[in-house]
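Side chains included, hydrogens not; waters and symmetry mates left out as well; all remaining heavy atoms used.
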Amino acid sequence: ANELGGDVLDPGATQLHAWPVEVQPPTRQNIGMAKAADGAIWVANYEGRLLRYDPATQATTLVAQLPAFIKAMHIDRNGRIWIATVQGVFEIDQPGAQPQPVSVAQMPRSACSDIDEAVDGTLWFACDAGVLRLAKGNWSLLRASGVAASTQFTSIAAETDGSLWLGMSQAGLRHAQ
């Protein structure tokens, strides 16, 4: 996926060709793609559109138009779709459902930029308000010690040992235990 749509490399091919995802208006600024267990390709683009491409039928469906710009998308091990936007996190918890905003009591509405899943299934979200964690059904908002309160978290990567790599808007990169 890229700012002009996307390309596909077929098995054994040596050249890319335009991907078959077709909707009107044409997709631009595709931020994320993920393959679901059923083989469908999900595409999120910055302008808030969430698309589902079915390779078997070659049909593209506009699943939702979110009210905010999309920054990242992730399909977790349970098949739930998580969408990070400039207005927080949205979730699709079952096939055919519409994205629902996630409400976390201790977190103000905040832009979220990245999502990762740890080996134990814990979901991590990099947000302007802090690092959001969903572990065993419980949400919590974490702040890194020694980091300015104004620091915005922009990217996140969970390590197999349970630690995190955090990208920050002004403070650079941090490895958190």
Quick check on the hydrophobic clustering: are [X] and [Y] connected, directly or via other members, by side-chain heavy-atom contacts under 4.5 Å?
| X | Y | value |
| --- | --- | --- |
| M73 | I41 | no |
| W139 | L141 | yes |
| I115 | V89 | yes |
| L51 | V63 | no |
| L62 | L66 | no |

Okay, side chain of [X], backbone of [Y]: is any donor-acceptor separation there less than 3.5 Å?
| X | Y | answer |
| --- | --- | --- |
| D128 | S110 | no |
| T154 | G167 | yes |
| R174 | L166 | no |
| E47 | A68 | no |
| D76 | N78 | yes |
| D116 | A158 | yes |

Nearest heavy-atom pair of [X] and [Y]: which atoms, and what distance?
| X | Y | value |
| --- | --- | --- |
| A40 | P55 | CA-CD, 4.0 Å |
| A64 | Q98 | CB-OE1, 3.6 Å |
| R77 | A118 | NH2-O, 3.0 Å |

Supply the atom-to-atom distance [X] [atom1] to [Y] [atom2], rounded to the nearest 0.5 angstrom.
| X | Y | atom1 | atom2 | value |
| --- | --- | --- | --- | --- |
| R109 | T85 | CZ | OG1 | 7.0 Å |
| W42 | I75 | CH2 | CD1 | 7.0 Å |
| S140 | L132 | OG | CG | 7.0 Å |

Heavy atoms, side chains only, cut-off 4.5 Å: are [X] and [Y] in contact?
| X | Y | value |
| --- | --- | --- |
| L142 | W124 | yes |
| V43 | Y53 | no |
| I70 | Y46 | no |
| I92 | L50 | yes |

Test applied, side chain to side chain contact (heavy atoms under 4.5 Å, CB included); reference residue, L123; option that passes from R133, H74, E91:
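Option passing the side chain to side chain contact (heavy atoms under 4.5 Å, CB included) with L123: H74.
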
Using 30° and 60° as the class boundaries, would you call the ring planes of W82 and F125 parallel, tilted or perpendicular?
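Plane angle over 60°, so perpendicular.
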
Does a donor on one side chain sit under 3.5 Å from an acceptor on the other, for R52 and T61?
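No, T61 and R52 have no side-chain donor paired with an acceptor closer than 3.5 Å.
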
